[in-house]
Each structure stands twice: as structure tokens, then as C-alpha cells.
Amino acid sequence: MTIHVLSDQLASQIAAGEVVERPSSVVKELVENAIDAGATAITIDVRGGGRELVQVADNGAGIAADEIETAFLRHATSKLTSADDLWAIRTLGFRGEALASIAAVSRLTVVSRAREATAGIRLVLDGGAVLARETIGAPAGTVIAVENLFYNVPARLKFLKSITTEKRLIDEFVTRYALAYPAIRFRLSHDGRVTFQTAGSGQTADVLLAAYGPDTARQLIELRPPEPAADPSTASGPAAVAVRGYVSDPALTYSARNHIQLFVNGRAIRDTRLTFAVVQAYHTLLPVGRFPLALLFIDMPPDEVDVNVHPTKIEVRFRDDGAVFGAVQRAVRAAILETAPARGLGGWPAMGQSAAGWGGFGAAADGRDLPHTQLDIPWQLRGPAPDDEGLDEAAPAAPTLPGAAETRLPLMRVIGQVGAAYIVAEGPEGLYLIDQHAAHERILYEQLLAQRRGQQVASQRLMAAATVYLSPSQAHLVEENLPLLASLGFEIEPFGPNAFRLRAVPAILGRADPAQALAAVVIDLENETAPLKSETEALVIKRVCKTAAVKAGQTLARPEMEALIAQLEACDVPHTCPHGRPTLIHLSATLLARQFGRT
Ligand code: ADP
Ligand code: MG
């Protein structure tokens, strides 16, 4: 084969592949252009999952008649003139590639009228070549219709997923942008049927309702930006990163991470590290393998973030990614800790609060103004369930109403024990069933963490040192983690090949078998895959607490139960064990009255 320069058409088809991977990419680029054009209403019509037609109409600035052909040339943009501008990007587009790329692999019709122009222009392109051009009357704004996507790149067609998948991806994109731009009126239809629309009210809460339905929306917690620093000199550093948005109550979980959505300066992005920061903020509050919903709007000066990393602009690079990571984690953690509600059963309003009178967390029972508020959506509101295949809620189907706003538990009086596993107690708002093992785990976990913060974990010397024999790989793990284990109160010394002498253990282990406790920790370390030191530490701490906690099947004396309840009341996060399971079930007085037909 001789070396030759690719034809223009082939070169643009190849380039197009980077930007336009699938129908949802077309939707993304056209919607981003409409937003950049200052539109206040964007209508998206899709046929055949986007293969037959993607049409996006906006009421934005429009394109001048003498510039319309230019807009379809590669690297033609109105949003960037110099390399310096790259660090001050406030628009979603800037590479000037989308229109050229989409046109190269489809049949495209554009009708546009610049706001100040008297007439509009219509241009038809086929595989990038102009077929027709005419002046016509048109409303101000732009309509772009993309038909027969990939008709001239059959290889690409073969890679497209099912129509359902493409539809779902399009839905996801439109929803995301509607959430990020609540002041814009969005309307999306598939095959002539409107599936999603927003009012453009400017309220994110309204869009949340449209996007997720009332049941889910009610379980979202709004993040509030931290108070501005009193000392303005500290406001420049990491404080320049502001995090707004919503996160789900720990009771609402999903089987995948795709409900964690991130926006940086109004741009939807993907970032595995930040996604991890969100999940980690829920640390111990979610069951294993479950993920929260989060919508985080991260705002920062444009020169702190490089958006020009990938043609699709979906990945970005931060100048100080540690600061962004920390800001996200702190904001999310603060919100969920402040609002983690009591887990009611079946979603009855707590006693003393009529359903209609429930005013969200702002109206805390004790009148304290909590810094975070939950969406104020009346609980009776039940809309059609959102059509979401991925939706897999752990929460019961009935609406789970947050109980009293208290994170703390009320004072409870022990009544007795059932099944040698649960403590029955009475509180001011009804009956409580407490899982003795989960509750004790939570208590020990917080005690150990508190000791650790104070730098001294209470250690207990063993009367007789215990010898532990391990496999070579296990022994290696113990050796590797000796400093961590020592910091938690394990005094361990090597004792021949693959054997260790255990001289002291964390005091909270009490009477638990020390060798067994270490063995359990080692097994956890073996199964661990996360590379982070902080995670390993959390794992070991949780295992120690699990081993030390009273088990189901243990009969407890009344004073023991009372001590346990008192300690649980004192916990910061009393409602879940460190693994995210509930520690207690609340049967409110109202629920009991209803169940017995008294009301
Ligand atoms: P980019 O968005 O990176 O500038 P595009 O290829 O997406 O590149 O668009 C090229 C240019 O066409 C834009 O810079 C803008 O001036 C114009 N344009 C595209 N879509 C619209 C629209 N919906 N309304 C107004 N102008 C548009
Ligand atoms: Mg663009």
C-alpha cells in the first residue's frame, strides 16, 4: 500500500467517531449548544432511540445566515479565540467539533434565525456535504434535525446497543441537564410521546420531582454551602470550591453508582475519584454493595479545572484534586449526618405530627433550626413511578417518612428481651425494637473511633499470651499491617515462621477470644481489595467491633440492656450499625393505633 492522505470525508468520519459515539452523544452536543446559545426552552424529539431522528429545537441566539456554513466546518467555534481562553471557559462547547462531526455521519437539517435577523435560513447536509440552502421564515432560535445517524459508517451502527438502552442514555442526559439548568424549560419526547418535561421554574426541587418522582425526591437531602469563612484570608484556598446539590437519605440505595451525578461549573462530568468520595462519605451508613443517589454541583474558578482533556469533554482534570475530593466528601458527610432520620416502619408519620403538618427538617421538633433541609413534599403525593429500569430501592415500597428530625434517640425505658436477640423498649413516640448485636456494634465502633481520635486506644494485656498460626500470605498481611494493628491496641510479636504471639488486644474486645478476633481480622484483610489505607483501617475497626459485640442468642440481664440502650442513645449515628444495617425499628404510637383500628 502506498502512503496517501485520507480524503476529507474519511478524515472527518474518523474524527466524528471521537465525538459522536452513539445517538445520546448527538443529544448531548446539541443540547449543550442550545444552552450555550442562552436558550430558555429546549425541545428534544427522538425517534427509534435516536437512530431515525434526533431533533433539538431551542429559542436561543440563533446562527447568523452568513455564518451557518462555517458552523459546520471542523474547529469552527464562536466560543474561543486564543489559547488563554481555554482557562476561562464558561461555555459547555469550545472545540468547534460537534456540528461538523454530527453532520459527517448523518443527514442533517438546520433551521436557524438569529434574534436580530428578519428571516431565517435552512441548510441541508448529507454526510457533511451541503445539499440545499434557502432563506425562510422561522422563529428566533435554532432547530437541528439529525436523521439516519451512522448511515455511512455501518461498522458504527453494528456497535449500537438496543433501542431501549439508547433511549435510557438519552433520558439520563436530558435529565442531568434539566437538573443542572432548572431555569430552562426542557421537553423530551420519544416517538411522539412526551416522556419528560420541566417547567423552567428555576427551582431544582421542581426538576427533582419531575425526574425522580415524589417518593424518591422526598428522600433527598439538600446540601447547603458552608458559612463563609469569618477570616476572609482563608476563603481563597480550597474554600474556592463550592459544593451544592442533593444526596439521598441512607435509606434510599441503588445497586450501582450511576445515580451519583457530578457537575463542574454546570458541565456534566464523570470522575471515579469524586464518585468514590461520595460513597465514602456514607461510610458505614450503607449496606455493602449499595450506592446512594447524589447530584453534586461543584463550582470553582474556571482556571482551577482543565476541561480540555477529552473530545467529549466528559472528563476533566483539577489543578488541586485533593481539595475538590475533600470538599465533596465534607459537604456530603455533613448533610447526611445531620439529617439521618429514625427508621420508621412502613412510613407512618411519627406521633404528634399530622401528615399534612409535616414541614420537613427545617421544622425540627425542638424548634432548632437545622442547617440542612429535606425537600418539602407532602407525603400523600404519589405520582406514577418513574420509568427507571435501574431503580432498585432497598427502601420499602410505602413512603418512608422521616421521623422526628432528631439524629439522636429519645430516652427509652427497657421492657424486656425477645428471642434473646432484640431488646423491647418504650419511648415517648411509641415502641422500639433494638437489635442487640447491631446496636452494640455501633456503640463499640463509636467508642473505638473516639479513642482513636484521642490517639490512645485502650489496650488490654492478656494474662497468658496467645499464639496464632497463619498461612504464609496471612502472616505477610499481618506483618504489613503491624503498625495499624498496634495503633488499635493489638500487641503482636513474630513467633517463628508464620506464627505470632498476641500479648495485648483492644480493651473493647472484653472477653472475646483474642486469637479468634485476630484471625477474623486477618480473613477480612485477605478479602480486602481496596488499596486505601483509610479503608483497611475502617475494615479492621469494624471487624474488631463485630467480634466484640454481644451476639444474638445471648440472654441479657436488665442492667445490661439498660446500659446498652443508654450507650446507644449517646451515639452520634445510633440508627445504623457500622455495616449500614438498622439498629432499631420504631413502631410509632400512631402506627399502633391505626393497626388496632383505634383511629
Ligand atoms: P462548539 O460548541 O464547540 O463551539 P459546535 O460544533 O458544537 O462547536 O458549534 C459550532 C458553533 O455553531 C458554535 O460555536 C455556535 O456559534 C454555533 N451554534 C451551534 N449550535 C447553536 C445553537 N443551537 N444556537 C446558536 N448557535 C449555535
Ligand atoms: Mg458544541
Side-chain angles (χ1 to χ4, degrees), residues 11-13 15-21 24-45 54-83 85-106 108-117 119-125 128 130 133 138-146 149 173-174 177 180-181 184-187 265-269 302 306-316:
S12 32
Q13 277 186 13
E18 287 196 310
V19 181
V20 191
E21 205 189 331
S24 60
S25 332
V26 175
V27 174
K28 171 181 184 287
E29 294 297 339
L30 296 183
V31 167
E32 288 189 347
N33 279 347
I35 294 172
D36 283 345
T40 57
I42 302 176
T43 306
I44 305 117
D45 290 296
V54 170
Q55 178 177 304
V56 176
D58 69 55
N59 62 354
I63 307 174
D66 58 344
E67 291 182 355
I68 198 151
E69 279 93 352
T70 313
F72 287 88
L73 299 178
R74 232 177 321 147
H75 311 303
T77 179
S78 58
K79 302 168 192 175
L80 191 70
T81 47
S82 76
D85 294 348
L86 267 180
W87 294 101
I89 296 274
R90 298 227 170 249
T91 49
L92 296 168
F94 56 86
R95 296 174 56 108
E97 287 176 331
L99 290 188
S101 298
I102 296 167
V105 293
S106 69
L108 187 150
T109 307
V110 53
V111 175
S112 189
R113 175 163 79 81
R115 221 166 264 153
E116 60 283 0
I121 195 101
R122 176 171 176 271
L123 197 66
V124 182
L125 298 100
V130 176
R133 176 190 219 275
T142 304
V143 183
I144 295 185
V146 178
L149 187 64
F173 264 118
V174 175
Y177 273 108
Y181 296 89
I184 299 179
R185 203 146 30 91
F186 282 86
R187 202 183 76 202
N265 294 343
R267 180 191 306 281
I269 62 141
D306 183 358
V307 289
N308 189 24
V309 179
H310 191 267
T312 62
K313 301 159 286 181
I314 190 112
E315 275 159 41
V316 298

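Order of appearance sets the numbers: ligands from 1, and atoms from 1 within every ligand. Please read all numbers here as calculations on a predicted model, not as lab measurements.
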Do Tyr181 side-chain atoms and Gly266 backbone N/O form a donor-acceptor pair below 3.5 Å? yes

If only atom types and distance count, is the side chain of Asp58 paired as donor or acceptor with the main-chain N or O of Ala39 below 3.5 Å? no

Can you list the ligand 1 atoms lying under 4.0 Å from a non-hydrogen atom of Gly93? 2 (O), 3 (O)

Counting non-hydrogen protein atoms only, what is the nearest one to atom 8 (O) of ligand 1? Give residue, atom name and distance. Gly96 CA, 3.2 Å

Gln55 backbone acceptor or donor facing Asp45 side chain under 3.5 Å: no

Give me the residue, atom name and distance of the protein heavy atom closest to atom 2 (O) of ligand 1. Lys79 NZ, 2.7 Å

Numbering the atoms of ligand 1 from 1, which are under 4.0 Å from a heavy atom of Arg95? 3 (O)

Leu123 and Glu69: CA distance, side-chain angles, deciding distance, side-chain contact (heavy atoms from CB on, under 4.5 Å) verdict: CA-CA 8 Å; Leu123 197 66; Glu69 279 93 352; 3.7 Å; yes

On a heavy-atom basis, which atom in Pro302 and which in Asn265 lie closest, and how many Å separate them? CA-ND2, 4.0 Å

Which residue and non-hydrogen atom of the protein lie closest to atom 4 (O) of ligand 1, and at what distance in Å? Thr77 OG1, 2.5 Å

Ala98 neighbourhood, listing ligand 1 atoms whose heavy-atom distance to it stays under 4.0 Å: 6 (O), 7 (O)

CG on Leu73 to CG on Leu99, rounded to 0.5 Å: 10.5 Å

Can you report which non-hydrogen protein atom sits closest to atom 6 (O) of ligand 1, along with the distance? Leu99 N, 2.9 Å

Which residue owns the protein heavy atom closest to atom 7 (O) of ligand 1, what's the atom, and how far is it? Asn33 ND2, 2.8 Å

Can you pull out the closest protein heavy atom to atom 26 (N) of ligand 1? Residue, atom name and distance to 0.1 Å, please. Ile63 CG1, 3.4 Å

Please answer whether the main-chain N or O of Arg90 pairs with a side-chain N or O of Arg267 as donor and acceptor at a distance below 3.5 Å. no

Can you tell if the side chain of Thr142 reaches within under 4.5 Å of the side chain of Asn33, non-hydrogen atoms only? no

For Ala76, atoms of ligand 1 separated by under 4.0 Å from a heavy atom: 10 (C)

Applying the side chain to side chain contact (heavy atoms under 4.5 Å, CB included) test to Ile102, which of Val20, Leu125, Ile144 qualifies? Val20

Between Ser112 (side chain) and Ile63 (backbone), is there a donor-acceptor pair under 3.5 Å? yes

Just which atoms of ligand 1 are under 4.0 Å from any heavy atom in Asp58? 22 (C), 23 (N)

Taking only heavy atoms of Glu97, which atoms of ligand 1 are found under 4.0 Å from at least one of them? 6 (O), 8 (O)

Is the Mg ion (ligand 2) less than 2.8 Å from at least one N/O/S atom of Thr77? no

I'd like to know whether ligand 1 has Gly62 as a neighbour, heavy-atom separation below 4.0 Å. yes

Enumerate the atoms of ligand 1 whose separation from the nearest heavy atom of Ala71 is less than 4.0 angstrom. 10 (C), 12 (O)

Any idea which atoms of ligand 1 are less than 4.0 Å away from a heavy-atom of Phe94? 1 (P), 3 (O)

Given Gly60, Ser78, Ala114, which has its nearest heavy atom closest to atom 16 (O) of ligand 1? Ser78

